[in-house]
Engineer: 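Pasting a structure here, questions to come.
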Amino acid sequence: MINKINLLDLDKQQMYRFFLSIGEKQFRVNQIMNWIYKYYCNDFNKMTNLNLSLKKKLNDIACIYSPKFLKEQISLDGTIKWSVEIGNKLIETIYIPEKKRSTICVSSQIGCVLKCKFCSTGYQGFNGNLSISEIIGQIWNASRIIKNKSSKKNTSITNIVFMGMGEPLLNIKNLIPALKIITDSSCFNISKRRVTVSTSGIVSGLKILRNTIDVNLAISLHASNDKIRNLIMPINKKYSIESILSEVRKYLKTSKANHGGVTIEYVMLKNINDSLNNAKELAVLLKNIPSKINLIPWNHFIGTNYKSSSYNTIINFSKILKKQGFITTIRKNRGEDIKAACGQLVGKM
Ligand code: SAH
Ligand code: SF4
């Protein structure tokens, strides 16, 4: 398998090139993609509209291989967390069902190099980037499992968020083809408005993204000034708040996916970034940026002294932002009982 081409690594253009290179007609691409992404078939022998010689050829040089889902945990609220085997390491993929949508939260890296002080993934250290098929394979496996579990016919995944382990923009080489596969109508066919890349603000990556693909952006701001952000997110010393926001402004100018504004994520840390002055400062900071603010109650993990702001503090913080005209929401924690919530993903079973 190691030397075979994994078709989950190829976006449509690459798939065309691959079929051309093996002397096959272009219409085969649509047939194969249909089998892979509509019927979740990973066995060439079962693809009934391929002739015998093509089946043999594909078996010799290609495969459809997704990473193994080792363990499944189901939360009381219906959230599902899978531990996913990547080499001898584990990552996590989450499924979050809601009334009107169902979301898969994918990982982009094994661990994370950025070491944000409030994030357990950051504490775990960094063990490498995920390949395209390791990213796509998470969605492929999860969608297939959900489809099989459900009695209803149309149980499709409506949203994808890159909010699992890792910093997606530090794996931009694989992120971009993965985004193409996710949004391609022959593949997962998910609208760019429903695909969210959450980033700690890697400006160089945002620039590349702006020139390549339009998706929904969520910026992990988490502070109303550089002093606080430097303290909790070491990457801020390289990319300051202003440098991030200035790049976000540029992204928004051409983006259709972010037509309601960019999402600003703000994790509420007791006595760190949650004063009423911080709320006012944040409102000034975002004055010229169409944005929706998502306040995130901080999820505890062992090994830090941080505490989440109280519910009252979060409500008062949100009131100030709302008064200033910002759409402000408070993130519901999902799957807390199985440690599937934001910042709790550490790759342990
Ligand atoms: N690396 C990317 C995406 C993964 S983290 C990023 O930082 O944006 C997804 C979201 O969870 C980010 O907004 C992150 O800051 C937040 N988060 C991290 N640790 C958390 C914790 N312990 N409690 C709540 N949110 C957390
Ligand atoms: Fe990495 Fe995001 Fe966690 Fe920061 S919050 S350590 S960028 S995964």
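In listed order, ligands and their atoms are each counted from 1. All residue numbers in this chain count up from 1 along the given sequence.
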Engineer: Given that the side chain starts at C-beta and the backbone is N, CA, C, O, which of these parts of Met233 lies under 4.0 Å from ligand 2, counting heavy atoms, or is it both or neither?
Structural biologist: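 The answer is neither.
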Engineer: Mind checking whether Ile145 and Tyr95 have side chains closer than 4.5 Å, heavy atoms only?
Structural biologist: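 They are not in side-chain contact.
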Engineer: Can you confirm, on distance only, whether ligand 1 has an N/O atom lying under 3.5 Å from any N/O atom belonging to Ser120?
Structural biologist: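 Between Ser120 and ligand 1, no N or O pair is found under 3.5 Å apart.
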Engineer: Have a look at ligand 1 and work out which part of Phe118, if any, has a heavy atom under 4.0 Å from it: side chain, backbone, both or neither.
Structural biologist: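 Contact part for Phe118 vs ligand 1: both backbone and side chain.
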Engineer: Relative to the heavy atoms of Gly122, which atoms of ligand 2 are at a distance of less than 4.0 Å?
Structural biologist: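 Heavy-atom distances to Gly122 below 4.0 Å select 6 (S).
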Engineer: Answer yes if the side chains of Thr263 and Asn294 hold a donor-acceptor pair under 3.5 Å, and no otherwise.
Structural biologist: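 Not at all, the side chains of Thr263 and Asn294 share no donor-acceptor pair under 3.5 Å.
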Engineer: Looking only at distances, please establish whether an N/O atom of ligand 1 is found under 3.5 Å from an N/O atom of Val267.
Structural biologist: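 No, there is no polar N/O contact under 3.5 Å.
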Engineer: Consider only side-chain N and O atoms of Ser255 and Asp214, and report whether a donor and an acceptor are under 3.5 Å apart.
Structural biologist: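 There is such a pair between these side chains.
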Engineer: Check Thr103, Asn159, Thr183 against Arg194 for a side chain to side chain donor-acceptor pair (under 3.5 Å) and give me the one that passes.
Structural biologist: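 Passing option: Asn159.
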Engineer: Under 3.5 Å, is there a donor-acceptor pair between the Thr304 and Tyr123 side chains?
Structural biologist: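 Absent: no donor and acceptor within the cut-off.
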Engineer: Among all the protein's heavy atoms, is there at least one whose distance to atom 2 (Fe) of ligand 2 comes out below 4.0 Å?
Structural biologist: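 Within 4.0 Å of atom 2 (Fe) of ligand 2, no protein heavy atoms are found.
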Engineer: Among Ser308, Pro297, Ser198, Gly164, which one puts a heavy atom closest to atom 4 (C) of ligand 1?
Structural biologist: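 Answer by nearest heavy atom: Gly164.
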Engineer: Using only heavy-atom distances, determine whether the side chains of Thr313 and Asp274 contain a donor-acceptor pair under 3.5 Å.
Structural biologist: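 Note: Thr313 and Asp274 side chains miss the donor-acceptor criterion.
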Engineer: Heavy-atom contacts with Ser200 under 4.0 Å: which atoms of ligand 1 show up? List them by number with element.
Structural biologist: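 Ligand 1 atoms under the 4.0 Å threshold to Ser200: 6 (C), 8 (O).
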Engineer: Are Asn312 and Ser310 linked by a side-chain donor-acceptor pair shorter than 3.5 Å?
Structural biologist: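 No pair is found: no donor N or O on one side chain lies under 3.5 Å from an acceptor on the other.
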Engineer: Please evaluate residues Thr199 and Glu167 with respect to the criterion side chain to side chain donor-acceptor pair (under 3.5 Å), reporting the C-alpha separation (whole Å), side-chain torsions for both, the decisive distance (0.1 Å), and the verdict.
Structural biologist: CA-CA 6 Å; Thr199 175; Glu167 169 48 56; 2.8 Å; yes
Engineer: Any idea which atoms of ligand 2 are less than 4.0 Å away from a heavy-atom of Lys115?
Structural biologist: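 Near Lys115, meaning under 4.0 Å from one of its heavy atoms, ligand 2 has 6 (S).
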Engineer: Which part of Thr199 is near ligand 1, with near meaning a heavy atom under 4.0 Å away: side chain, backbone, both or neither?
Structural biologist: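 Backbone only.
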Engineer: Give the contacting part of His222 toward ligand 1: side chain, backbone, both or neither, where contact means a heavy-atom distance below 4.0 Å.
Structural biologist: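 Side chain only.
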Engineer: Looking only at side chains, do Asn171 and Gln109 share a donor and an acceptor under 3.5 Å apart?
Structural biologist: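 The answer is no; no qualifying pair exists.
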Engineer: Nearest heavy atom to atom 6 (C) of ligand 1: which of Cys105, Ser107, Ser108, Ser220 does it belong to?
Structural biologist: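 Nearest option to atom 6 (C) of ligand 1, by heavy atoms: Ser220.
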Engineer: Under 4.0 Å from a heavy atom of Ile296: give me the atoms of ligand 1 that qualify, with their elements.
Structural biologist: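 In order of number, 24 (C), 25 (N).
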Engineer: Which residue owns the protein heavy atom closest to atom 4 (Fe) of ligand 2, what's the atom, and how far is it?
Structural biologist: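 That would be Cys116 SG, 2.3 Å.
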Engineer: With heavy-atom distances below 4.0 Å as the criterion, list the atoms of ligand 1 near Cys119.
Structural biologist: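 Every atom of ligand 1 under 4.0 Å from some heavy atom of Cys119: 18 (C), 19 (N).
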Engineer: With a cut-off of 2.8 Å, does Cys112 put an N/O/S atom close enough to atom 4 (Fe) of ligand 2?
Structural biologist: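 For Cys112, the answer is no, given that no N, O or S atom comes within less than 2.8 Å of atom 4 (Fe) of ligand 2.
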Engineer: Is the contact between Glu265 and ligand 1 made by the side chain, the backbone, both, or neither, using heavy atoms and a 4.0 Å cut-off?
Structural biologist: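 Near ligand 1, Glu265 shows its side chain, while the N, CA, C and O stay back.
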Engineer: Taking only heavy atoms of Gly166, which atoms of ligand 1 are found under 4.0 Å from at least one of them?
Structural biologist: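 In order of numbering, the contacting atoms are 1 (N), 2 (C), 3 (C), 4 (C).
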Engineer: Give a yes-or-no answer on whether the side chains of Glu265 and Ser198 include a donor-acceptor pair shorter than 3.5 Å.
Structural biologist: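 Yes, Ser198 and Glu265 have a side-chain donor paired with an acceptor closer than 3.5 Å.
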Engineer: Backbone or side chain, does any N or O of Arg331 fall under 3.5 Å from an N or O of ligand 1?
Structural biologist: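 No.
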Engineer: Please tell me whether Asn230 and Asn236 have a donor and an acceptor in their side chains that are separated by less than 3.5 angstrom.
Structural biologist: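 Present: a donor and an acceptor within the cut-off.
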Engineer: Are His222 and Phe118 an aromatic pair, judged by ring center distance below 6.0 Å?
Structural biologist: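 Yes - the distance between ring centres of Phe118 and His222 falls below the 6.0 Å cut-off.
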Engineer: Anything under 30° is parallel, anything over 60° is perpendicular, the rest tilted; go ahead and classify Tyr39 against Trp35.
Structural biologist: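 Tilted.
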Engineer: Side chain or backbone, does Phe301 bring an N or O within less than 3.5 Å of an N or O on ligand 1?
Structural biologist: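 No; the residue has no nitrogen or oxygen that sits under 3.5 Å from a nitrogen or oxygen of the ligand.
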Engineer: Quick check on Phe162 - does any of its heavy atoms sit under 4.0 Å from an atom of ligand 1?
Structural biologist: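 Contact check Phe162 vs ligand 1: positive.
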